[in-house]
Each structure stands twice: as C-alpha cells, then as structure tokens.
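Report on the following structure.
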Amino acid sequence: MTNIDKDRSSQKANKDHVVIFDTTLRDGEQSPGATMTHEEKLEIAELLDDMGVDIIEAGFPIASEGDFRAVTEIAQRSKHSRICGLARAKLGDIDRCWEAVKHAEKNRIHTFIGTSELHRAIPNLTMDEMADIIHETVSHARNLCENVQWSPMDATRTEWDYLCRVVEIAIKAGASTINIPDTVGYTAPVESADLIRRLIETVPGADEVIFATHCHNDLGMATANSLAAVAGGARQIECTINGLGERAGNTALEEVVMALKVRNDIMPWHTGIDTRKIMHLSRRVATVSGFNVQFNKAIVGKNAFAHESGIHQDGMLKNKETFEIMRPEDVGLSGTSLPLGKHSGRAALRDKLQNLGFEVGDNQLKDIFVRFKELADRKKEVFDDDIVALMRTGEDAENDHLKLVTLRVACGTGGPAEATLVMDIAGTQSTAIERGDGPVDATFKAIRQLHPNAAHLGLYQVHAVTEGTDAQATVSVRLEEDGNIATGQSADTDTVVASAKAYIHALNRLIVRRGKMGEGADAREISYKDVT
C-alpha cells in the first residue's frame with residue numbers, strides 16, 4: 001500500500017477530522033508589505049509544526065531563489081506536518097516545487113490554474129486546451145509525488161459543467177486533494193456548502209479524494225464560508241494565522257479552529273491543533289509581518305477577552321461563563337494583567353512572557369531583559385501590552401542595514417522643528433540636520449538625507465500602548481517603492497523616537513524586499529496576484 005493509499009484509508013476511517021492546511025508562509029506573505037525573512041519563515045514553520053498543523057504550505061518555490069531555499073529548509077526540518085509547495089500549471093514550476101518539498105518525510109505538490117471564464121481569458125485558452133493542460137500537469141506532479149493537490153482558481157465563479165469536468169480530470173490524473181478556492185471572496189455560506197456537496201455527489205471518483213476549501217475575506221465571510229464548506233463535505237480548511245493574506249485576507253486559522261472546538265455541539269468535527277499555542281503564534285506572525293492585529297479581532301484581538309461594561313464586569317465576577325464562551329487559557333492567554341516594575345527580575349519577566357504566550361531562550365531573555373529595564377526606568381509601571389510591544393521592538397536589529405543611534409529634536413512655537421539625527425549605515429555613523437513641519441516631518445527628512453530613497457509614505461499610524469503620560473507609543477509606517485511595499489513598526493515612550501525607528505524598520509524591510517525580488521528572473525516574472 002502506497003503512502004497516499006494509507007492517507008486515504010486513514011481519512012476515510014476518520015470522517016470527523018478536519019485537516020488544517022496553513023498557508024501563512026505562502027498566501028499570507030503575499031499581503032502587501034508582509035514579506036518575512038528566511039529566519040522568520042523557518043521560525044513560523046517550526047511553531048506551526050509544533051502546534052499540530054497538518055499541512056504547511058511553505059511557499060512558491062519557482063518565485064525566487066529565496067522562496068526555494070525556505071521551502072527546502074522547512075521540508076528538511078519538519079517533524080510532524082506535511083510540507084507543501086505551490087506550482088502553477090507548468091512543468092517547470094512543478095519540477096522546481098518537487099525539488100524543494102522532496103526533502104520532507106511527508107510532502108505535497110499543490111498545482112493550480114484559473115478555470116473561470118475571466119481567468120481562462122488571461123492565457124487565452126479554450127476550455128479544451130485548459131483541460132489538456134490540467135491532465136498533463138497533474139499527471140506530471142503525481143509521477144513525482146504521491147500526494148498531489150489541485151486547485152481550480154476562481155472555482156466559485158467557474159461554470160458548473162466545466163468545473164465538474166476539470167475536477168474529474170484532476171482526480172483521474174492522480175490528485176488526492178481537490179481544493180475549491182473562493183479566490184476573490186465572492187461566495188456566501190449557503191453557496192459554499194452547496195458547491196462542495198454537489199461536487200461530491202456529481203463528479204465520478206469524488207468520494208475517493210479529500211475536498212478542501214480556500215476562502216478569502218473580501219465580504220467578511222471567509223470563516224463562515226469555510227465552516228459551511230465543511231458542513232457540505234469538505235475535510236480540509238486552508239487558512240492563515242490572523243487571517244493574513246491578499247486584499248482583505250484569508251480564513252483565519254484561529255477562528256475556524258476555535259469555532260469547531262467551542263461549537264462542537266452543532267459542528268461535530270475536530271482538528272489536531274493545540275489551541276493553547278494560538279496566541280503565541282498570532283503575536284509572532286504579527287511581529288514578523290508588521291501587521292498589527294485589530295483590537296476587536298475574534299480570538300486573538302486585545303479586546304477579545306476584555307470587559308469594560310459595568311454589567312459585564314459584574315457578571316464576570318460572579319460567573320465567567322456569563323460573558324465568555326471560551327477561556328483565555330484555551331488559546332494560550334493569561335487571564336491576568338499584573339504590571340511589572342523596575343525592581344522585577346528575570347524570573348518574573350520570563351513568567352510574564354510565558355503567560356502572554358511567548359517562549360524565549362536564555363540568550364533572547366537577556367536581550368529582552370535589558371530593554372525591559374530601560375523601559376521600566378522611564379515608566380512607573382510596565383503592563384502586559386508594554387511587554388508585547390517590547391517583543392516587537394529590536395528583533396531585527398542585529399541584521400539591519402540602517403540603525404538609529406541618537407535623535408534630538410527642537411521645536412519652537414513659531415517656527416519649524418529641527419531634527420539632529422545620527423544613523424548607523426552598514427557600520428558607519430553619519431549625522432544629518434533637517435527642518436520640517438513638525439518633529440516627525442523633520443526626522444523623516446533627516447533619515448532620507450542620510451539614506452536617499454524614492455519610497456512613498458503610504459501609512460503613518462500612532463496609538464498608545466497603555467494609558468498615562470508615560471505610555472509607550474506604537475508607530476506603524478508603510479512605505480511603497482517601485483512596486484515593493486514594506487511595513488515598519490516600533491514602540492517607545494517618545495513618539496518621535498518610535499516614529500524614527502518605525503520608518504527605519506520599514507526601510508530595512510524594503511532593502512530585504514529588493515534583495516528578494518532581485519534573486520532571479522523568476523522573481524521578476526511571477527506575479528503573486530496570479531495565485532489562489
């Protein structure tokens with residue numbers, strides 16, 4: 001019996017199990033500005049593996065040499081998860097994908113092509129021509145790898161008869177998983193369930209494969225559509241941490257997993273996810289991607305377990321189940337919010353970090369402790385949110401091309417602000433003095449003087465981490481240059497310093513992004529917008 005036969009037998013025997021297919025490192029990284037470094041991808045993959053994710057889509061190997069190396073190393077390191085790579089319906093893509101994922105003990109090739117009328121028009125293919133390509137490429141993938149997934153991109157807008165035809169072709173060619181993507185977030189839950197159900201009932205051989213759902217959140221229905229698809233017979237959900245992804249994002253892993261756990265009474269299916277690791281992963285993805293989690297985000301948002309209303313607080317004090325349908329501990333969140341201070345030691349800091357979902361090694365703790373002490377000297381109390389902000393600051397400093405050394409700003413009531421900035425550029429310190437319409441404008445001009453660039457400031461946001469005049473400010477900056485987008489983030493009790501650090505962080509990410517996109521002709525050739 002081949003491995004794929006074993007997989008099919010196991011999945012048939014356990015129809016209540018929903019496979020979690022995480023695509024944070026592929027579809028999630030396609031979010032404008034969310035590029036991750038090689039080391040960050042390896043770390044996130046390890047955390048996903050440890051959390052119990054069934055399948056990790058580690059990247060798009062043909063896209064660049066960097067993506068190929070990342071997928072290859074993730075495949076080599078994987079302990080439990082099946083490692084998957086994405087490939088267009090091209091033989092060269094599929095070969096390159098196999099070269100990367102073949103190193104994993106459990107691997108998968110995921111190949112796709114756009115099947116809707118709109119997407120067929122892009123390569124100008126007839127229905128028959130596309131059908132031939134699907135048969136050829138899926139067969140080729142199956143000859144290389146026992147586990148093949150096929151996706152008809154924009155499936156929810158593909159003509160019904162043609163969708164049935166190409167799904168049947170893919171199954172006969174050897175695909176063991178058929179993914180049905182709602183690529184543009186167009187469908188609704190009732191349609192999502194009905195589409196999967198009808199495909200299983202109509203297409204010959206459909207009962208021999210696993211059907212998957214891949215939903216985007218353009219209309220805010222990605223989670224609902226994914227769960228509806230499971231009700232219709234799908235047994236694999238494609239999702240990302242924090243719902244990261246193109247445009248409005250993908251189905252959020254934490255939402256579907258907790259929905260199945262909390263409402264198992266009406267959704268009698270289960271996953272193998274250790275939900276206690278969700279919060280840590282959410283915060284790490286937010287940190288490395290530069291995408292903050294909105295405060296009222298389900299499951300992992302800052303306010304998800306916060307209660308301010310007097311009636312709610314009274315109910316919580318009497319019985320937590322009055323206003324909480326799950327425990328904070330179930331997602332790896334401490335139920336406490338006790339502040340630390342300048343007299344707190346490393347043991348207390350480590351305990352606090354663990355309660356907040358962060359597992360750190362001894363060397364990392366030393367670095368964090370130094371920065372914690374510096375912050376504690378400037379703040380009366382250091383709260384949980386301060387610690388989370390601290391974890392997001394300075395993590396990339398060792399490898400940064402640009403580093404802030406000192407910043408002094410002078411502001412007058414009737415004249416422009418003046419910024420004197422010292423920046424380390426690849427080991428050499430340089431100084432710039434600039435004036436501007438306010439301290440932040442003057443600071444950004446000084447940075448641009450020392451590191452000339454054509455980046456457009458697409459976003460500048462400031463919010464206080466905690467309350468009080470000594471509160472840390474978290475600043476987010478988004479820069480756009482020549483089609484590359486990078487997000488930078490930093491926190492400091494001085495808003496202008498936080499702004500400078502965030503701007504420099506974004507510039508460093510742009511430098512990394514330029515390097516990634518310049519790693520080969522393939523990187524320039526492929527548009528990530530063309531994938532599911």
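We count residues from 1, following the sequence as given. What you see is a predicted model; the values in this text were computed from it and never measured.
Residues Leu199 and Cys164 come closest through the heavy atom pair CD2-SG, 4.1 Å. Among all heavy-atom pairs drawn from Asn250 and Ala222, the shortest one is C-CB, 4.2 Å. Pairing each heavy atom of Val462 with each of Ala473, the nearest pair is CG1-CB, 4.1 Å. Shown here for Ala498 and Ala491, the closest heavy-atom pair between the two residues is CB-C, 4.1 Å. Contact between Ser81 and Val53 at its shortest, heavy atoms only, is OG-O, 2.6 Å. Nearest heavy-atom pair across Ala45 and Leu25 is CB-CD1, 3.8 Å.
Thr213 places no side-chain N or O within donor-acceptor distance of the main-chain N or O of Ser226, the cut-off being under 3.5 Å. For the pair Glu29 (side chain) and Met36 (backbone), a donor-acceptor distance under 3.5 Å is present. No donor-acceptor pair under 3.5 Å is formed between the side chain of Arg478 and the backbone N or O of Ala486. Side-chain atoms of Thr271 never come within 3.5 Å of backbone atoms of Val18 as a donor-acceptor pair (strictly under, hydrogens ignored). No donor-acceptor pair under 3.5 Å is formed between the side chain of Ser78 and the backbone N or O of Ile74. Between the side chain of Ser176 and the backbone N or O of Val148 there is at least one donor-acceptor pair closer than 3.5 Å. Of the possible polar contacts, none joining the Asp154 side chain to the Gly114 backbone as a donor-acceptor pair under 3.5 Å is found. Judged by distance alone, with hydrogens and angles left aside, the side-chain atoms of Thr72 form a donor-acceptor pair with the main-chain N or O of Phe68 at under 3.5 Å.
Counting heavy atoms from C-beta on, the side chains of Asp93 and Phe60 come closer than 4.5 Å. Two residues are said to be in side-chain contact when any heavy atoms from C-beta on lie closer than 4.5 Å; Ile20 and Cys239 meet this criterion. In this structure, Glu238 and Thr251 have side chains that are not in contact, with every pair of non-hydrogen atoms separated by 4.5 Å or more. With a 4.5 Å cut-off on side-chain heavy atoms, Ile83 and Ile56 count as touching. Residues Val101 and Cys84 fail the side-chain proximity criterion, which asks for heavy atoms closer than 4.5 Å. Contact of the Arg197 side chain with the Phe211 side chain is not registered, since no non-hydrogen atoms from C-beta on lie closer than 4.5 Å. With contacts defined as side-chain heavy-atom distances shorter than 4.5 Å, the pair Met279/Val300 qualifies. Using a 4.5 Å cut-off on side-chain heavy atoms (C-beta onward), His110 and Ser151 make contact.
Under 3.5 Å, the side chains of Asn225 and Thr187 contain no donor-acceptor pair of N or O atoms. Side-chain N/O atoms of Thr115 and Thr158 include a donor and acceptor closer than 3.5 Å. Under the 3.5 Å distance criterion, with hydrogens and angles disregarded, no donor-acceptor pair is assigned to the side chains of Asp128 and Thr126. Side chains of Gln489 and Asn292: a donor-acceptor N/O pair is present below 3.5 angstrom, by distance only. For the 3.5 Å distance criterion, the side chains of Asn242 and Ser282 qualify, holding a donor opposite an acceptor. Using modelled atom types and a 3.5 Å distance limit, the side chains of Glu57 and Thr23 yield a donor-acceptor pair.
Under a 4.0 Å N-O distance rule, the pair Asp50/Lys79 does not qualify as a salt bridge. A salt bridge links Glu65 and Arg96; the closest N-O separation between the charged side-chain nitrogens and carboxylate oxygens is under 4.0 Å. Taking 4.0 Å as the cut-off between side-chain N and carboxylate O, Glu255 and Lys297 count as a salt-bridged pair.
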Set out, in order, the CA-CA distance, both residues' side-chain angles and the distance that settles side-chain contact (heavy atoms from CB on, under 4.5 Å) for His214 and Phe112, then state yes or no.
CA-CA 12 Å; His214 176 112; Phe112 73 95; over 6 Å; no
Checking side-chain contact (heavy atoms from CB on, under 4.5 Å) for the pair Ile278/Met258: CA distance, chi angles, key distance, verdict?
CA-CA 10 Å; Ile278 285 176; Met258 290 308 295; 4.1 Å; yes
As a quick check of understanding, evaluate salt bridge (Lys or Arg N to Asp or Glu O under 4.0 Å) for Glu73 and Arg69, giving each step before the final call.
CA-CA 6 Å; Glu73 193 162 346; Arg69 286 191 293 107; 6.0 Å; no
side-chain contact (heavy atoms from CB on, under 4.5 Å) evaluation trace for Ile210 with Ile178:
CA-CA 6 Å; Ile210 299 298; Ile178 301 295; over 6 Å; no
One pair to check against salt bridge (Lys or Arg N to Asp or Glu O under 4.0 Å): Arg26 and Asp67. What are the steps and the verdict?
CA-CA 9 Å; Arg26 200 278 297 170; Asp67 255 29; over 6 Å; no
Show your reasoning for whether side-chain contact (heavy atoms from CB on, under 4.5 Å) applies to Leu281 and Met51.
CA-CA 9 Å; Leu281 242 171; Met51 188 172 72; 3.5 Å; yes
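Residues satisfying the ring pair (Phe, Tyr, Trp, His ring centres under 6.0 Å) test with His140, not counting sequence neighbours, are none. In this structure His135 satisfies the ring pair (Phe, Tyr, Trp, His ring centres under 6.0 Å) test with no other residue, sequence neighbours excluded.
The aromatic rings of Tyr460 and Phe444 lie perpendicular to each other, with more than 60° between the two planes, well past the 30° mark.
Screening Lys106, His17, His80 against Asp54 for a side chain to side chain contact (heavy atoms under 4.5 Å, CB included) leaves a single residue, His17.
Geometrically, Arg120 engages Tyr162 in a cation-pi contact, judged by NZ or CZ lying under 6.0 Å from the ring centre and within 45° of the ring axis.
Taking a 6.0 Å sphere around CD of Glu159, one finds it holds more than 12 heavy atoms contributed by other residues, nucleotides or ligands.
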